[in-house]
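Comments concern the structure below.
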Amino acid sequence: MKLKAITFDVGETLMTPCPSVGSVYSEVAAGVGLGRVDPHDLEQSFRHAWKGRQRFAHTRAAWASLVAEVFEGHVASPGD
């Protein structure tokens, strides 16, 4: 049998993002005026939100939904 493709699970199996997702989200939040959000808290929220998605569409809308869930409870909603 001839191999056609090989895939790898890189999500903390082969490598870990550096800086962490939480660190990047925290830095961006500060840069857009949302204030200081603890990177560790965002990392934990990201892990929880990611685990809740069995099949991720990788669309702009799916990422927007994921990021909104990550930040829920960490920053004030517009108009608060």
Pairs of donor and acceptor atoms involving the side chains of residues 60-73, under 3.5 Å and at least two apart or interchain, shall be tabulated with distances.
unit_1 : atom_1 : unit_2 : atom_2 : d
Ser65  : OG     : Arg53  : NH2    : 3.4
Glu69  : OE1    : Arg53  : NH1    : 2.9
Glu69  : OE1    : Arg53  : NH2    : 3.2

query = Relative to each other, are the rings of Phe46 and Trp50 parallel, tilted or perpendicular (30° and 60° limits)?
reply = parallel
Which donor-acceptor pairs under 3.5 Å do side chains of residues 18-33 form with protein atoms, sequence neighbours excluded?
unit_1 : atom_1 : unit_2 : atom_2 : d
Ser20  : OG     : Ser23  : N      : 3.0
Ser20  : OG     : Ser23  : OG     : 3.0
Ser26  : OG     : Val37  : O      : 2.5

ask   = Pairs in or reaching into residues 30-40: which pass side-chain hydrogen bond (donor to acceptor under 3.5 Å, both in side chains), with residues at least two apart or in two chains?
value = none
message = Can you list everything that forms a side chain to side chain contact (heavy atoms under 4.5 Å, CB included) with Ile6? Sequence neighbours excluded, please.
response = Leu3, Phe8
request  = Could you list the residues that satisfy side chain to side chain donor-acceptor pair (under 3.5 Å) with His48, not counting sequence neighbours?
outcome  = none
